[in-house]
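Protein chains get the first letters and strands the later ones, always in sequence-line order, with residue 1 at the start of each. Note that these values count all heavy atoms, side chains included, but never hydrogens, waters or copies made by symmetry.
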Amino acid sequence: MVCWQSVSVWSVAGRVEMTVSKFMAIQKALQPDWFQCLSDGEVSCKEATSIKRVRKSVDRSLLFLDNCLRLQEESEVLQKSVIIGVIEGGDVMEERLRSARETAKRPVGGFLLDGFQGNPTTLEARLRLLSSVTAELPEDKPRLISGVSRPDEVLECIERGVDLFESFFPYQVTERGCALTFSFDYQPNPEETLLQQNGTQEEIKCMDQIKKIETTGCNQEITSFEINLKEKKYQEDFNPLVRGCSCYCCKNHTRAYIHHLLVTNELLAGVLLMMHNFEHYFGFFHYIREALKSDKLAQLKELIHRQAS
Amino acid sequence: MAGAATQASLESAPRIMRLVAECSRSRARAGELWLPHGTVATPVFMPVGTQATMKGITTEQLDALGCRICLGNTYHLGLRPGPELIQKANGLHGFMNWPHNLLTDSGGFQMVSLVSLSEVTEEGVRFRSPYDGNETLLSPEKSVQIQNALGSDIIMQLDDVVSSTVTGPRVEEAMYRSIRWLDRCIAAHQRPDKQNLFAIIQGGLDADLRATCLEEMTKRDVPGFAIGGLSGGESKSQFWRMVALSTSRLPKDKPRYLMGVGYATDLVVCVALGCDMFDCVFPTRTAVRLWQKERFGSALVPTGNLQLRKKVFEKDFGPIDPECTCPTCQKHSRAFLHALLHSDNTAALHHLTVHNIAYQLQLMSAVRTSIVEKRFPDFVRDFMGAMYGDPTLCPTWATDALASVGITLG
């Protein structure tokens, strides 16, 4: 719920009306390095939104931003913190451009592109919007995007000028008892390629249907970037989750053990899987950076695309 | 071979236990267990990792806390994933990647806790598996067979366990049957060179029955003895008397494992009574209790325990215990843990489990040092003082138990 004075959020303590002053008081206590400014992002939560409502979201967000900047200026304790301006505008090109241009005029440290969350189809539809928005932003300030975390979607956004992503994807994978296994080494040695290809073939063969998993708070489908350790075939698989991975889980444990932990509902399953999934995901981002430096993003994209179902 | 406690000198050490020091007043001893996966200092507290895992703690964390022996549960592991698979994985050590020692119980205790699903006969215990409904017979032979496959350093005989609150002929029946089952376990044991089979003294709360069991079982040449059938619902007064009776009749040169005892006061008193090894789900369970619904968030401290969910800790920025060296106390405050306990994630439970295990291990270590340094009675007095405000305020049963072995608290 948003109005001109506040954004309401719901927490364990019930509804909190987040006014600009309350919001900034929290920032003063937290003293973050960066913080995302208060904004009106409600349009992305709703289905059909009128242009009038979209326009309001842009206007409100700019008002919040100006008020937050003013309070920051008055606060000594917040001088070291950097405000990230939030770009709204729903699916209306005109409003997106307006939001981008206006936000860019303010002394923000970076930009958060809000409202691109959803499923892969909705993101695809918004990619043109994304390109147009980033084109309006200064080259020398970071661009963050919320709600995008899948490896294939990450690459699409990077091509369109995005720099920072949330890492909830490896967390979701962990929550459904799965392990990331997709390859991102776009320049493996020939022997490795052969082994990987044989491995990938097998995985793809078994993944002819996307399985829906009902886990608490995680109604997400298993992607082809991961394996489901609950499957019976892993019961006697004494290999690590991913050969060559240097995470604690892969250095110390086997697929069979993780399978056992999941089947017996042991807490350790999530601990070990999370360690692996983060390491794998961050390894992917390392390769993205390398690919960009050596102008090989196309190869990486092709490799990821081959593995996306 | 003669039964009763022989006066073995410290030099002629038995198979696995070496005595390092003995308290001159009480029956407390400090020693070393020489096991296939390394030496273990005693007295020792052994954390329980029922299903080849310690409630979210990694083996690396457990090792870093100084743990050198922990428990796995034959009943659970025997059902899932099963001994054949574990054997393929290079035993339980290989399966869970634990480089130190493991003790597996026989699966017998589940008889008491899951009694509605089981039926005891001379053959063994018939279970109906709660997972696939299949009927299994857990006989002495089968229990040893499973434990042989698991490869644990210490294995326990299958005993006929009866709740300590049961009276009458059933207790006597169970005691004699446990002796017969001990002999069947000894006969079935395929790996006496690699795995140490312990007997379990039964007899409930009946001194005569217990004495008989002690006399008979100590005639068998096993590497160690456990004191079983206690720490159920019996009164503490009866409990300590049975422990004291048992230790007075067990050989000095073999380890005494008191099963299911883990509360700090009980540990200290039972060390005084002459026990060397302890296990309990308490420290991990009290951190994680009913984690699906309600997180206890209980942290063990020298004065008892802290219920960290309570409001009084909301702004308490000190560690759980300023004297504790565990990673949780080094890095986090009570306030932080309080906040975590009120949020959705299970991180708080991991931090608390680490601390609680550390607390138990540090307590045993301190007990041991005091025995070696010939000041165990003073240690006991200080411990009771911290726990109860004044040594004289400790529970009557503890005072009586300590007095019986020459330690006064006044």
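- Of the atoms belonging to A:V271, it is side-chain heavy atoms, and not backbone ones, that fall under 4.5 Å from chain B.
- Taking CG of A:L268 as the reference point, atom OG1 of B:T58 lies at 7.0 Å (rounded to 0.5 Å).
- Residues of residues 272-282 of chain A lying within less than 4.5 angstrom of chain B, judged on heavy atoms, are A:L272, A:M275 in numerical order.
- Around atom CD of B:E60, no more than 12 heavy atoms belonging to other residues, nucleotides or ligands sit under 6.0 Å away.
- By the 6.0 Å contact criterion, CD on B:Q330 is enclosed, its count of non-hydrogen atoms from other residues, nucleotides or ligands being greater than 12.
- Contact record, A:F238 with B:A89: CE2-CB, 3.3 Å, taken as the closest heavy-atom pair.
- Atoms NE2 and CD1, on A:H260 and B:I86 in that order, are 6.5 Å from each other to the nearest 0.5 Å.
- Atom OG1 of A:T254 and atom CG of B:N90 lie 10.5 Å apart (nearest 0.5 Å).
- For a residue to count as touching a neighbouring chain, one of its non-hydrogen atoms must lie under 4.5 Å from one of that chain's; by this rule A:E266 touches chain B with the side chain only.
- The environment of B:Q190 atom CD is sparse: at most 12 non-hydrogen atoms of other residues, nucleotides or ligands sit within 6.0 angstrom.
- Heavy atoms closer than 4.5 Å to chain A are found in the side chain of B:L77, but not in its backbone.
- Annotation: the span from A:L261 atom CG to B:M96 atom CE amounts to 9.5 Å, rounded to 0.5 Å.
- Contact between A:Y257 and B:F95 at its shortest, heavy atoms only, is CD1-O, 3.2 Å.
- Looking only at distances, no side-chain donor or acceptor of B:N97 sits under 3.5 Å from a matching main-chain atom of A:H253.
- Taking CZ of B:R80 as the start and CD of A:Q235 as the end, the distance is 11.0 Å to the nearest 0.5 Å.
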